[in-house]
Trainee: 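One structure, pasted below without further comment.
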Amino acid sequence: MKEFNINGAIVQCYPLSAAQRIHNYTIKFSAHQVLNIGTGFYIQFDLDVEMLKKAIKVAYQQFDSMRLRFVKDEDDTVYQYIVPNDDREIPVFDFSNWNEEDAHNEMRRWTAIPFERYNSPMNYIAIIKLPNGYNGTYLKVDHMTMDSSSLIMFDEYVIKTYCAMCFDTEMPKPMMSYIKALEKDLEYEAGSAAQKRDEEFWMNEITKSEPIYTDFNGMGRLITQRRENNNPNQRCAMVVSKNPEAAIAVYHLEKEPSERLMQFCADNQIPMATLLLMGLRTILSKFNNDEKDVSVKSCVARRGTLLEKKSGGTRIHFFPIRTSVEPENTFFEGLQIIQAEQNKLFRHANFDPIDYTIRRAKHWKNPPGTSYESLSLTYQPMTLQRKEHEMPDISYKTMWYTNGVAGQPLYLTVMHRAEDNGLDFSFEYRKDAVTEYEMEYLYYYICRALFRGIENADKTMKEILEMI
């Protein structure tokens, strides 16, 4: 910890966690709005605006990380602290007479505005009235303070609190201390035995053999870079760009086929994240001359304990899931190979991903900005429908707004729709890396791989790849 004089008061400030350092590292090379996450939560109901404001303020007090601030020392090292209260006014915007897409475009514009980074609030919330009777909240946060799990939990806390105030339902259970969770992370990083075990594991993974880059658009990128660098054996590819302009494309898988995927997972005790990774690696193999060695960057939420689940903040670490599936392996055996790799990753996921990335690049002598993974995957199970009903059965919808830039070529988030539990595939893509047409093409083939796979799980990968 370090003491800072902030507005005349001596404040104890904490170092950043590894999950936060990932984002702090990102803004060294990208526009600051790359860390903005914009979301909307809208209910087809005539909400009591003043009561909703009270519910939001209750949630602000419960979520310490919504009151997080950052400060820099004389060496430009970033620290964090929590303010005890946040009494900002919550604005109300009436878009009920607007074209709805114009209203969403306005909120996309808000999402592209970066926060003042130091000694300043790192979130912005507004009450929104949309056309067709939908009302709710727009929320923008900085990724160094909240991740998707925290955001979903915050929205849920607000609506449960509102319902408790208006419908006399049960108040949500209190959240837990962000600082206590942070202190545990910092203890781990201070040379703990667990950190040493994880370091040994990841160094063994790095030095086994060199992966190979498999692009979601085929081999063109790697072949071109091999030619440009006069290196026919190059196995990594440059993935950073001077033009980070990005957009989000969302594709909705209907309820019935979504249920088929979930039923397959339930029947075979396979996590949905495993099945999604299998679909992705199958397509990456198909698009890259049936390559057996495929790597995908996978999101690990790191919310296994009650403290981790209930403390808010940002806890996501990204590590590669590298799998080698032989043509003679069945689709189901491929799932088992992925699940085994996931289990190993989960056991060692507290290690610093930036440290891992630097060590891997140094070992294989890779230039800065290169990678073996062309895309990242997050599966967000927290959006599954709840069994309990805190309020009447009213239609509602959620939105994720692009901030306009991206630090990586392609980031896929798969979530469950609130209205029918179907799967939404949300692709955040950098415009210089992929077009929207190519995005739609990729989504089509991911679904094709998933359904050919679950319908023919006993078939070999050679046969599955021929079917796609």
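Note that this is a predicted model, so its numbers are computed, not measured. Numbers for residues simply follow the sequence, beginning at 1. Quick note: numbers below take in every heavy atom, side chains included, and nothing from hydrogens, waters or symmetry partners.
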Trainee: Quick one: list whatever passes salt bridge (charged side-chain N to carboxylate O under 4.0 Å, His left out) with Arg260, sequence neighbours left out.
Mentor: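 With neighbours one apart ignored, the set is Glu256, Glu455.
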Trainee: Who pairs with Glu228 by salt bridge (charged side-chain N to carboxylate O under 4.0 Å, His left out), at least two apart in sequence or on another chain?
Mentor: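 With neighbours one apart ignored, the set is empty.
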Trainee: If I take atom CG from residue Asn403 and atom OG1 from residue Thr111, how far apart are they, to the nearest 0.5 angstrom?
Mentor: 7.5 Å
Trainee: Of the non-hydrogen atoms in Cys236 and Leu222, which two are nearest, and what is the gap between them?
Mentor: O-CD1, 3.4 Å
Trainee: So which atom in Tyr25 and which in Phe29 form the shortest heavy-atom distance, rounded to 0.1 Å?
Mentor: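 In this case the closest contact between Tyr25 and Phe29 is O-CD1, 3.4 Å.
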Trainee: Please check if any side-chain donor atom of Asp432 sits under 3.5 Å from a side-chain acceptor atom of Ser241, or the reverse.
Mentor: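 Per modelled atom types, Asp432 and Ser241 side chains form a pair under 3.5 Å.
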Trainee: Do the non-hydrogen side-chain atoms of Gln20 and Phe70 ever get within less than 4.5 Å of each other?
Mentor: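 The answer is yes; the side chains approach within 4.5 Å.
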Trainee: For the pair Asp147 and Arg315, find out whether any cationic side-chain nitrogen is under 4.0 Å from an anionic carboxylate oxygen.
Mentor: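 No, no charged N to carboxylate O under 4.0 Å.
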Trainee: Run the side-chain contact (heavy atoms from CB on, under 4.5 Å) check on Leu377 and Leu280 step by step: do they pass?
Mentor: CA-CA 9 Å; Leu377 171 69; Leu280 283 176; 3.9 Å; yes
Trainee: Distance check, rounded to the nearest 0.5 Å: Leu412 atom CG versus Leu442 atom CG?
Mentor: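 So the gap between those two atoms works out to 8.0 Å.
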Trainee: Any side-chain heavy atom of Asp185 sitting closer than 4.5 Å to one from Arg302?
Mentor: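 Yes - at least one pair of side-chain heavy atoms lies under 4.5 Å apart.
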Trainee: Does Lys255 NZ have over 12 foreign heavy atoms under 6.0 Å away?
Mentor: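 No - once you tally the heavy atoms of other residues, nucleotides and ligands closer than 6.0 Å, there are 12 at most.
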Trainee: Got a sec, which residues hit salt bridge (charged side-chain N to carboxylate O under 4.0 Å, His left out) with Glu245, two or more places apart in sequence or on another chain?
Mentor: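 So Glu245 forms a salt bridge (charged side-chain N to carboxylate O under 4.0 Å, His left out) with Lys431.
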Trainee: May I have the step-by-step check of side-chain hydrogen bond (donor to acceptor under 3.5 Å, both in side chains) for Gln80 and Tyr178, ending in yes or no?
Mentor: CA-CA 11 Å; Gln80 59 189 311; Tyr178 169 80; 2.7 Å; yes
Trainee: Can a donor-acceptor pair be found between the side chains of Ser150 and Arg303 at a distance below 3.5 Å?
Mentor: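 Yes, because at least one side-chain N or O of Ser150 sits under 3.5 Å from a partner of the opposite role on Arg303.
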Trainee: What about Tyr443 and Tyr251, are their ring centers closer than 6.0 Å?
Mentor: yes
Trainee: List the steps and the verdict of side-chain contact (heavy atoms from CB on, under 4.5 Å) for Glu291 and Met219.
Mentor: CA-CA 10 Å; Glu291 174 61 54; Met219 294 194 65; over 6 Å; no
Trainee: How long is the span from the OH atom in Tyr134 to the CG atom in Leu47, to the nearest 0.5 Å?
Mentor: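 The CG atom of Leu47 is 12.5 Å from OH of Tyr134, to the nearest 0.5 Å.
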Trainee: Under 4.5 Å between any side-chain heavy atoms of Met122 and Val141, yes or no?
Mentor: no
Trainee: Testing the 3.5 Å rule here: is there a donor-acceptor pair between the side chains of Tyr372 and Asn366?
Mentor: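 Judged by distance alone, the side chains do pair up.
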Trainee: If every non-hydrogen atom of Arg322 is compared with every non-hydrogen atom of Glu341, which pair is closest and at what distance?
Mentor: O-CG, 3.7 Å
Trainee: Could you please spell out the steps behind the side-chain contact (heavy atoms from CB on, under 4.5 Å) verdict for His317 and Ile22?
Mentor: CA-CA 8 Å; His317 281 185; Ile22 297 169; 4.1 Å; yes
Trainee: For Lys459, does the NZ atom have more than 12 heavy-atom neighbours from other residues, nucleotides or ligands under 6.0 Å away?
Mentor: no
Trainee: Does a side-chain heavy-atom distance below 4.5 Å link Glu373 with Pro320?
Mentor: yes
Trainee: Taking all non-hydrogen atoms of both residues into account, name the closest pair between Arg221 and Ala237 and its distance.
Mentor: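 For Arg221 and Ala237, the tightest heavy-atom pair comes out as CD-CB, 4.2 Å.
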Trainee: Would you call Lys292 and Glu326 a salt bridge, taking side-chain N to carboxylate O under 4.0 Å as the test?
Mentor: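 Here Lys292 pairs with Glu326 in a salt bridge, since their nearest N and O are under 4.0 Å apart.
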Trainee: Taking the side chain as every heavy atom from C-beta outward, state whether His348 and Trp202 have any pair of such atoms under 4.5 Å apart.
Mentor: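 Counting from C-beta outward, His348 and Trp202 do come under 4.5 Å.
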Trainee: With a sphere of 6.0 Å drawn around CG of Asn99, does it hold more than 12 non-hydrogen atoms of other residues, nucleotides or ligands?
Mentor: yes
Trainee: Looking at Phe95, does the NZ or CZ of Lys129 lie under 6.0 angstrom from its six-membered ring centre and within 45 degrees of the ring axis?
Mentor: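 Judged by the rule, Lys129 and Phe95 form no cation-pi pair.
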Trainee: What orientation do Tyr401 and Tyr138 show, parallel under 30°, tilted 30 to 60°, or perpendicular over 60°?
Mentor: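 Tilted, since the angle between the ring planes falls between 30° and 60°.
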Trainee: If you measure from the Lys or Arg side-chain nitrogens to the Asp or Glu carboxylate oxygens, is any gap between Arg430 and Glu438 under 4.0 Å?
Mentor: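 Looking at Glu438 together with Arg430, the answer is no, because their closest N to O distance does not fall below 4.0 Å.
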Trainee: Show your reasoning for whether ring-ring contact (aromatic ring centres under 6.0 Å, His included) applies to Tyr356 and Phe319.
Mentor: CA-CA 8 Å; Tyr356 164 83; Phe319 287 102; 5.7 Å; yes
Trainee: Within a strict 4.5 Å, meaning less than it, do heavy atoms of the Gln61 and Arg67 side chains meet?
Mentor: yes
Trainee: Kindly give the heavy-atom pair with the smallest separation between Val414 and Leu423, and that separation in Å.
Mentor: CG1-CD2, 3.9 Å
Trainee: Do His416 and Tyr379 have ring centroids that are under 6.0 Å from one another?
Mentor: yes
Trainee: Is the shortest heavy-atom distance from the side chain of Asn268 to the side chain of Phe332 under 4.5 Å?
Mentor: yes
Trainee: Do other residues, nucleotides or ligands put more than 12 heavy atoms under 6.0 Å from Glu101 CD?
Mentor: yes
Trainee: With no hydrogens and no angle check, just 3.5 Å: does a side-chain donor-acceptor pair link Ser426 and Asp424?
Mentor: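 There is no such pair (donor and acceptor under 3.5 Å, judged by atom type) between the side chains of Ser426 and Asp424.
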Trainee: Side chains of Asn123 and Arg88: do they bring a donor and an acceptor to under 3.5 Å?
Mentor: yes
Trainee: Find the distance between CE (Met399) and CD1 (Ile248) and round it off to the nearest 0.5 Å.
Mentor: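 Taking CE in Met399 and CD1 in Ile248, the distance rounds to 9.0 Å.
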Trainee: If we count only N and O atoms by modelled type, under 3.5 Å, do the side chains of Ser376 and Gln408 hold a donor and an acceptor together?
Mentor: yes
Trainee: Do Lys140 and Phe115 form a cation-pi contact, if we require the NZ or CZ to be under 6.0 Å from the six-membered ring centre and within 45 degrees of the ring's axis?
Mentor: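 Geometry flag: set, cation within 6.0 Å and 45°.
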Trainee: Give me the atom names and distance for the closest heavy-atom approach of Leu253 to Cys447.
Mentor: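 For Leu253 and Cys447, the tightest heavy-atom pair comes out as CD1-SG, 4.2 Å.
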Trainee: Strictly under 6.0 Å, is that where the ring centroids of Phe41 and Phe154 end up?
Mentor: no
Trainee: Looking only at the side chains, is there a donor atom on one of Tyr213 and Ser374 sitting less than 3.5 Å from an acceptor on the other?
Mentor: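 No, no side-chain donor-acceptor pair sits under 3.5 Å.
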Trainee: Considering residues, nucleotides and ligands other than Gln44, do more than 12 of their heavy atoms fall under 6.0 Å from its CD?
Mentor: yes
Trainee: In sequence, state the C-alpha distance, the side-chain angles, and the governing distance for Val239 and Thr370, and then conclude on side-chain contact (heavy atoms from CB on, under 4.5 Å).
Mentor: CA-CA 6 Å; Val239 295; Thr370 59; over 6 Å; no
Trainee: Atom CE of Met278 and atom OG of Ser285: how far apart are they, to the nearest 0.5 Å?
Mentor: 9.0 Å
Trainee: So, do Ile56 and Ile127 sit near enough that their side-chain heavy atoms are less than 4.5 Å apart?
Mentor: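 Yes, close enough: below the 4.5 Å cut-off.
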Trainee: Can you confirm whether the side chains of Gln339 and Asn343 place a donor and an acceptor under 3.5 Å from each other?
Mentor: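 Absent: no donor and acceptor within the cut-off.
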Trainee: How long is the straight-line distance from CG of Asp142 back to CG of Leu35, given to the nearest 0.5 Å?
Mentor: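 If we round to the nearest 0.5 Å, Leu35:CG and Asp142:CG are 5.0 Å apart.
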Trainee: If the threshold is 4.0 Å, N to carboxylate O, is there a salt bridge linking Lys397 and Glu100?
Mentor: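 Between Glu100 and Lys397 there is a salt bridge, with a charged N closer than 4.0 Å to a carboxylate O.
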Trainee: Does a donor on one side chain and an acceptor on the other come within less than 3.5 Å for Gln342 and Thr274?
Mentor: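 A pair is found: one side chain offers a donor N or O, the other an acceptor, under 3.5 Å apart.
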Trainee: Would you say the side chains of Arg108 and Asn105 form a donor-acceptor pair under 3.5 Å?
Mentor: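 Judged by distance alone, the side chains do pair up.
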Trainee: With a 6.0 Å cut-off on ring centres, are Phe93 and Trp98 close enough?
Mentor: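 For Phe93 and Trp98, the ring centres are not under 6.0 Å apart.
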Trainee: Hey, are Lys160 and Glu156 close enough for a salt bridge, meaning a charged N less than 4.0 Å from a carboxylate O?
Mentor: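 Salt bridge: yes.
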